[in-house]
Peer 1: 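I have a structure I would like to understand better, so I am pasting it below and will then ask my questions one at a time.
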Amino acid sequence: MTRAESAYLGKVARLGCACCQLLGVGEEDTPVEIHHIREGQGMAQRAPHWLAVPLCVPCHRGDRGVHGDRSILRQLKCTELELLSWVISRTQS
Ligand SMILES: [Zn+2]
Ligand SMILES: [Zn+2]
């Protein structure tokens, strides 16, 4: 990972959980994990750090999370790309 990538990931992690905030239930200081969109689709060897989305543990790895049945995304009527767009809109400063 380059210095620019790790600085960017630090910024992303400080946003708090994307799903929870889109649902209006999130607090910005919720501990998050970094999810890479398209994870598990053959890009793992060159982790695309710019495709990072901050998610809390339930939204990331929970039953309803993006690695679970993904019902959190259905509830939000939202795709992972839209989560990424949320991140990008908040990291432009
Ligand atoms: Zn969450
Ligand atoms: Zn993930």
Side-chain angles (χ1 to χ4, degrees):
M1 202 191 305
T2 66
R3 189 183 296 247
E5 283 170 330
S6 78
Y8 178 73
L9 289 183
K11 204 169 179 180
V12 169
R14 286 191 296 274
L15 295 175
C17 176
C19 287
C20 287
Q21 285 180 77
L22 287 165
L23 281 172
V25 300
E27 296 178 16
E28 293 195 9
D29 56 3
T30 312
V32 294
E33 300 180 337
I34 296 295
H35 171 67
H36 293 93
I37 72 167
R38 297 183 57 87
E39 213 175 73
Q41 294 182 41
M43 293 174 70
Q45 297 310 309
R46 288 171 55 194
H49 294 297
W50 306 106
L51 303 184
V53 175
L55 294 173
C56 67
V57 172
C59 293
H60 189 210
R61 291 185 275 119
D63 292 343
R64 305 181 62 235
V66 299
H67 292 292
D69 69 6
R70 300 170 69 83
S71 61
I72 188 84
L73 294 176
R74 288 195 290 278
Q75 182 180 349
L76 284 166
K77 298 183 172 59
C78 184
T79 64
E80 288 188 43
L81 275 180
E82 287 168 295
L83 298 181
L84 183 64
S85 135
W86 179 92
V87 172
I88 292 169
S89 71
R90 279 160 184 76
T91 48
Q92 305 304 299
S93 56

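All values derive from a computational prediction rather than experimental measurement. Ligands are counted one by one from 1 in listed order, and the atoms in each one are counted from 1 as well.
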Peer 1: Tell me every residue that passes side-chain contact (heavy atoms from CB on, under 4.5 Å) with S85, counting only those two or more places apart in sequence or in another chain.
Peer 2: none
Peer 1: Donor-acceptor check, side chain of R70 to backbone of V66, threshold 3.5 angstrom: yes or no?
Peer 2: yes
Peer 1: Do T79 and L83 pass the side chain to side chain contact (heavy atoms under 4.5 Å, CB included) test, and can you show the C-alpha distance, the side-chain angles, and the key distance before you say yes or no?
Peer 2: CA-CA 7 Å; T79 64; L83 298 181; over 6 Å; no
Peer 1: Strictly under 2.8 Å of the Zn ion (ligand 1): which protein N/O/S atoms qualify?
Peer 2: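 Protein N, O or S atoms closer than 2.8 Å to the Zn ion (ligand 1): C17 SG, C20 SG, C56 SG, C59 SG.
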Peer 1: Between ND1 of H35 and NE2 of H67, what angle is found at the Zn ion (ligand 2), rounded to 10 degrees?
Peer 2: 100°
Peer 1: Just by distance, do the side chain of E5 and the backbone of T2 share a donor-acceptor pair under 3.5 Å?
Peer 2: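 Checked: pair present.
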Peer 1: Can you list the steps and then say if H35 with E80 is a side chain to side chain contact (heavy atoms under 4.5 Å, CB included)?
Peer 2: CA-CA 10 Å; H35 171 67; E80 288 188 43; 2.8 Å; yes
Peer 1: Would you check if the side chain of Q21 reaches a backbone N or O of C17 as a donor-acceptor pair within less than 3.5 Å?
Peer 2: yes
